[in-house]
Enquirer: 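First, the structure itself, so that you have it in front of you.
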Amino acid sequence: MRARFAPSPTGYLHVGSARTALFNWLAVRNNGGELVLRSDDTDQARGSDEYYDDVIEGLRWLGIDWDEGIETGGPHGSYRQSDRLERYQQVAVELRAGRRAYLCFCTSEELDERRRQAQAEGRPPGYDGRCRTLDPDESVSRQQAGEAAALRLAIPRPGETVFEDIVRGEVRFGHDNVEDFVLLRSTGSPTYHLASTVDDVDYEITHVVRGEDLLSSTPKHILITRAMGAEPPAYAHLSLLLGPDGKKLSKRHGDTALHAYRDGGILPEAFVNYVALLGWNFGDDETVFTRREMVERFALDDVQKNPAIFDNEKLTWMNGLYIRELDPGAFESHTRPLVEADLGRALTDEERETYREVAPLVQERVKVLTDAPDQVRFLFAEEVDYDAGSWDKVMTKPESPRAIDAALVRLERVGEWSSGPIEKELRAMLEDLELNARKGLQPVRVAITGSSISPPLFESLAALGRERSLDRLRGARSRL
RNA sequence: GGCCCCGUCGUCUAGCGGCCUAGGACGCUGCCCUCUCAAGGCAGUAACGCCAGUUCAAAUCUGGUCGGGGCUACCA
């Protein structure tokens, strides 16, 4: 098996494309085949280097590796279509010489006009084949004389293209609905259909796994392949990823660039696990599984036909699971840069030690890595930022001043400043005041963290340190 | 409009003629645990689009219908 992932660098790596790449990768790794990465940047669609790099970076982040192609090399040059223009032109010349394709002198304006007319009269809007009957030799002379001409494939008529799609089963298209489409523009540059198909043939691709949006172009690709005298590969068309409104996932649904998920604190393993579930399932009612398990069980035949709505909430839930499974050191090193970025400065050695201690408590509480700074900001910022809602809800309670006063007294006499002794004193305080833990501790929490939501209180106090804790309690008391 | 694809809880899905009183997961609700928030545990909520037909028996097969989506460029 030889599959390929062939993004066109006209935008950032899209989550839908990432899923296509993943399914290609899973299929190949499952059966010991090879994955080729190429760039479908036909002359016209040449994208920016930024997009090109984004694709490669995204694949690497996901842990999707390839055996041949871009950056990895192989027997076919750069694996960028923009470097293979002569090859497409060569194929085009052969197709024309073999009468499988013909020159077309219709201008864009003429085509538009005729298309509009056809639609108005209820006829199919495709190219009407006007230039197909021109004398080929005469056409060549006209072109050589300088007349602009595109090259079109002569679709066999009547005819029908039938193929067995791995996920959809038999699909058939009557040629009445396949127009004599353009292979080579009048500028000499190849269209996507030509370039992509030539590459699939040249690179000996056996399985084309791609999005369903290309399903109706498949007869075109099969026809080109046959016209080249080659055997078409097997096709597997993956259903599309939809936004919450059931429409094709696009920018208006929010983030569609894969890197937005990385930047949003999603772990690649979680992303891969979640996305694998869109159109495929592990069996055994399992939804969480390792990459290895995934590779072992994956089969294109098991891929579902219906489109799937991309559910950020489930992805986030799953990400929380993966975060909690991270070893503490990994969590710490993943999130420390985020904390530092939030603070706008690097942590001191002492602070790093503090963070190392509290990070495991944070790890249990976040669903995305980027939530970490919120949980620990109170430890490293000079001033507490009192959350107005928390303050109003907690500090206005009648018992709050008493609780803070008492806490101050008890905490001042804590010997060793660590969570155990701190807890002991505060529990004693609760007993003195005859307050339950909820009522007695919340004011303390708000006083030192600024919020009614925080990591566990005793550990937070311990991490904050004696002096700063006491200062904050005094500061809060004076605001009451 | 034409062509093509798709149709099980709100969402992702299991199901491949009787194991279905339709299973799992997310979400949501409630309870337990609990210093807050999470996490965890338990329980609950909720679906075969519709109509015919085939069959002793249909979510599963067939036809139609409705609904959704994709494509319809000298874009990819």
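Each chain gets a letter, A, B and so on, in the order its sequence line appears, and its residues count up from 1.
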Enquirer: So A:Glu110, base contact, sugar-phosphate only, or nothing? Heavy-atom distance under 4.0 Å.
Expert: nothing

Enquirer: Where each residue is assigned the nucleotide of RNA chain B containing its nearest heavy atom, which of A:Asp285 and A:Arg172 is assigned the position nearer the 5′ end?
Expert: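 Result: A:Arg172.
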
Enquirer: Side chain of A:Asp213, heavy atoms from C-beta onward: which of B:C71, B:C12, B:A25 has the nearest atom to it?
Expert: B:C71

Enquirer: Output yes when a side-chain donor or acceptor of A:Ser400 lies under 3.5 Å from a complementary backbone atom of A:Thr396, and no otherwise.
Expert: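 Between the backbone of A:Thr396 and the side chain of A:Ser400 there is no qualifying donor-acceptor contact (under 3.5 Å).
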
Enquirer: Select base, sugar-phosphate, or nothing to describe what A:Leu214 touches, counting heavy atoms under 4.0 Å on all strands.
Expert: base

Enquirer: Quick check for you: among B:C35, B:C5, B:G2, whose closest atom lies nearest to any side-chain atom of A:Asn177?
Expert: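 Of B:C35, B:C5, B:G2, B:G2 is nearest to the side chain of A:Asn177.
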
Enquirer: With the side chain of A:Ser186 defined as its heavy atoms from C-beta on, choose the nearest nucleotide among B:C74, B:C6, B:A25.
Expert: B:C74

Enquirer: With both distances under 3.5 angstrom, what nucleotide forms a Watson-Crick or G-U wobble pair with B:G67?
Expert: B:C6

Enquirer: Quick check on B:U8: is either OP1 or OP2 less than 4.0 Å from any side-chain nitrogen or oxygen of A:Asn306?
Expert: yes

Enquirer: Can you list, pair by pair, the side-chain donor-acceptor contacts under 3.5 Å of residues 302-315 of chain A, counting residues two or more places apart and other chains?
Expert:
| unit_1 | atom_1 | unit_2 | atom_2 | d |
| --- | --- | --- | --- | --- |
| A:Gln304 | NE2 | A:Asn306 | OD1 | 2.7 |
| A:Asp311 | OD1 | A:Glu313 | N | 3.1 |

Enquirer: Distance check, P atoms only: B:A14 and B:G7, in whole angstrom units.
Expert: 11 Å

Enquirer: Measure CG/A:Leu277 against P/B:G27 and give the value in whole Å, please.
Expert: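 In whole Å, B:G27 P lies 14 Å from A:Leu277 CG.
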
Enquirer: Using heavy-atom distances to pick each residue's nearest nucleotide on RNA chain B, tell me which of A:Tyr274 and A:Val182 is more 5'.
Expert: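 The answer here is A:Tyr274.
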
Enquirer: Among B:U13, B:U11, B:C71, find the nucleotide with the atom closest to the side chain of A:Ser216.
Expert: B:C71

Enquirer: Which nucleotide, if any, forms a Watson-Crick or G-U wobble pair with B:G30, using both distances under 3.5 Å?
Expert: B:C42

Enquirer: Side chain of A:Arg427 only, heavy atoms from C-beta on: which candidate in B:C6, B:C35, B:C74 is closest?
Expert: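 Looking only at side-chain atoms, A:Arg427 lies closest to B:C35.
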
Enquirer: Looking at B:U11, B:A76, B:G40, which one has an atom nearest to any side-chain atom of A:Leu321?
Expert: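 Looking only at heavy atoms from C-beta outward on A:Leu321, the closest nucleotide is B:G40.
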
Enquirer: Any strand counts, and the cut-off is 3.5 Å on both contacts for Watson-Crick or G-U wobble. Which nucleotide pairs with B:C19?
Expert: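 For B:C19, the partner nucleotide comes out as none, under the 3.5 Å rule.
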
Enquirer: Report yes or no: is there a donor-acceptor pair, N or O only, under 3.5 Å between the side chain of A:Arg365 and the base of B:U36?
Expert: yes

Enquirer: Could you measure between the two C1' atoms, the one in B:A47 and the one in B:U60, and give it in whole Å?
Expert: 15 Å

Enquirer: How far, in whole Å, is B:A58 from B:C20 if one measures between their C1' atoms?
Expert: 12 Å

Enquirer: Of the nucleotides B:C4, B:C6, B:U11, which has the atom closest to the A:Asp311 side chain?
Expert: B:U11

Enquirer: Considering every strand and a 4.0 Å limit on heavy-atom distances, what is the contact class for A:Ala308: base, sugar-phosphate, or nothing?
Expert: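 Sugar-phosphate only.
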
Enquirer: Without decimals, in angstroms, what is the distance between A:Glu364 CD and B:U34 P?
Expert: 16 Å

Enquirer: Return the orientation label for the A:His193 and A:His221 ring planes: parallel under 30°, perpendicular over 60°, tilted otherwise.
Expert: tilted

Enquirer: Select base, sugar-phosphate, or nothing to describe what A:Pro455 touches, counting heavy atoms under 4.0 Å on all strands.
Expert: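 Base, at least one base atom sits under 4.0 Å.
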
Enquirer: Rounded off to whole Å, could you give me the CZ-to-P distance for the A:Arg96 and B:C74 pair?
Expert: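 Going from A:Arg96 (CZ) to B:C74 (P), I get 20 Å.
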
Enquirer: Just N and O in the side chain of A:Lys439: are any of them under 4.0 Å from OP1 or OP2 of B:U36?
Expert: no

Enquirer: For B:A25, give the paired nucleotide (Watson-Crick: N1-N3 plus N6-O4 or O6-N4; G-U: N1-O2 and O6-N3; both under 3.5 Å), or none.
Expert: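 In the structure as shown, B:A25 has B:U11 as its Watson-Crick or wobble partner.
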
Enquirer: Identify whether any heavy atom of A:Arg445 sits under 4.0 Å from a base atom; if not, whether one sits that close to sugar-phosphate; answer base, sugar-phosphate or nothing.
Expert: base

Enquirer: Would you kindly give the NZ-to-P distance between A:Lys248 and B:C5, to the nearest whole Å?
Expert: 18 Å

Enquirer: I want to check a possible cation-pi pair here: A:Arg152 against A:Tyr127, using under 6.0 Å from ring centre and within 45° of the ring axis as the test.
Expert: yes

Enquirer: For the side chain of A:Trp317, counting heavy atoms from C-beta on, which of B:U36, B:A25, B:G70 is nearest?
Expert: B:A25

Enquirer: In Watson-Crick or G-U wobble terms, both distances under 3.5 Å, what is the partner of B:U36?
Expert: none

Enquirer: Spell out, as yes or no, whether a donor-acceptor pair under 3.5 Å connects the side chain of A:Ser17 to the backbone of A:Leu13.
Expert: no

Enquirer: Consider ring pair (Phe, Tyr, Trp, His ring centres under 6.0 Å). Of A:Trp280, A:Phe5, A:Phe298, which one does A:Phe23 pass it with?
Expert: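 Only one of A:Trp280, A:Phe5, A:Phe298 forms a ring pair (Phe, Tyr, Trp, His ring centres under 6.0 Å) with A:Phe23, namely A:Phe298.
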
Enquirer: Which part of the nucleic acid, if any, lies within contact of A:Ile309, taking any heavy atom under 4.0 Å across all strands shown: a base, the sugar-phosphate backbone alone, or nothing?
Expert: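 The residue A:Ile309 makes sugar-phosphate contact but no base contact.
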
Enquirer: Would you classify A:Gly211 as touching base, sugar-phosphate or nothing, given that sugar-phosphate means primed atoms plus P, OP1 and OP2, and contacts are heavy atoms under 4.0 Å?
Expert: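 Contact class for A:Gly211: none.
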
Enquirer: Regarding A:Arg445 and the six-membered ring of A:Phe378, is the cationic atom NZ or CZ under 6.0 Å from the ring centre and inside 45° of its axis?
Expert: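 No - A:Arg445 does not lie over the ring of A:Phe378 by the 6.0 Å and 45° rule.
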
Enquirer: Can you find a donor-acceptor pair, distance only, under 3.5 Å between A:Lys314 side chain and B:A25 base?
Expert: yes

Enquirer: Does the structure show a Watson-Crick or G-U wobble partner for B:C74, both distances under 3.5 Å? Name it, or say none.
Expert: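 Base-paired to nothing in any strand shown.
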
Enquirer: Look at the side chain of A:Arg438 and the base of B:C35, then say whether one donor and one acceptor between them are separated by less than 3.5 Å.
Expert: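 A donor-acceptor contact between them is absent.
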
Enquirer: Would one find a side-chain N or O of A:Gln304 under 4.0 angstrom from OP1 or OP2 of B:G7?
Expert: no

Enquirer: Report yes or no: is the cationic atom of A:Arg142 (NZ for Lys, CZ for Arg) under 6.0 Å from the centre of the six-membered ring of A:Phe105, at an angle within 45° of the ring normal?
Expert: yes

Enquirer: Counting only side-chain nitrogens and oxygens, does A:Arg324 get under 4.0 Å of the OP1 or OP2 atom of B:G40?
Expert: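 Yes, because at least one side-chain N or O of A:Arg324 sits under 4.0 Å from OP1 or OP2 of B:G40.
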
Enquirer: Let me know the distance between CD of A:Gln117 and C1' of B:G1, rounded to the nearest Å.
Expert: 16 Å

Enquirer: From the options B:C6, B:U36, B:A76, select the nucleotide whose nearest atom is closest to the side chain of A:Ser454.
Expert: B:U36

Enquirer: Which part of the nucleic acid does A:Leu242 contact within heavy-atom distance under 4.0 Å: base, sugar-phosphate only, or nothing?
Expert: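 Counting heavy atoms under 4.0 Å across all strands, no contact is made by A:Leu242.
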
Enquirer: Using a heavy-atom cut-off of under 4.0 Å over every strand shown, decide if A:Pro125 touches base, sugar-phosphate, or nothing.
Expert: base

Enquirer: Looking across every strand, which nucleic acid part, if any, lies under 4.0 Å from A:Ser390 by heavy atom: base, sugar-phosphate, or nothing?
Expert: nothing

Enquirer: Considering Watson-Crick and G-U wobble pairs with both distances under 3.5 Å, what does B:U54 pair with?
Expert: none

Enquirer: At less than 4.0 Å, is any side-chain N or O atom of A:Ser189 found next to OP1 or OP2 of B:C74? Yes or no.
Expert: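 For B:C74, OP1/OP2 do not have a side-chain N/O of A:Ser189 under 4.0 Å.
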
Enquirer: Which nucleotide wins on minimum distance to the side chain of A:Asn281, given the candidates B:U36, B:A76, B:A14?
Expert: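 Among the listed nucleotides, the one closest to the side chain of A:Asn281 is B:A14.
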
Enquirer: Rounding to an integer number of Å, can you tell me how far A:Arg130 CZ sits from B:C74 P?
Expert: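 In whole Å, B:C74 P and A:Arg130 CZ are 15 Å from each other.
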
Enquirer: Using the side-chain hydrogen bond (donor to acceptor under 3.5 Å, both in side chains) definition, which of the options A:His175, A:Arg132, A:Arg130 pairs with A:Asp180?
Expert: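 The passing option is A:Arg132.
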
Enquirer: Taking atom P in both B:A59 and B:G18, what distance in whole Å separates the two?
Expert: 11 Å

Enquirer: Would you kindly give the CG-to-P distance between A:Asp302 and B:U13, to the nearest whole Å?
Expert: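 Whole-Å distance recorded here is 13 Å.
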
Enquirer: State whether A:Tyr235 and A:Arg210 meet the cation-pi test: NZ (Lys) or CZ (Arg) under 6.0 Å from the six-membered ring centroid, and within 45° of the perpendicular axis.
Expert: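 Here A:Arg210 fails the 6.0 Å and 45° test against A:Tyr235.
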
Enquirer: Now, which nucleotide makes the Watson-Crick or G-U wobble pair with B:U60, with each of the two distances under 3.5 Å?
Expert: none

Enquirer: What does A:His237 touch in the nucleic acid at a heavy-atom separation under 4.0 angstrom: a base, only the sugar-phosphate, or nothing?
Expert: nothing

Enquirer: Give the rounded distance in Å between these two atoms: NZ of A:Lys305 and P of B:G15.
Expert: 12 Å

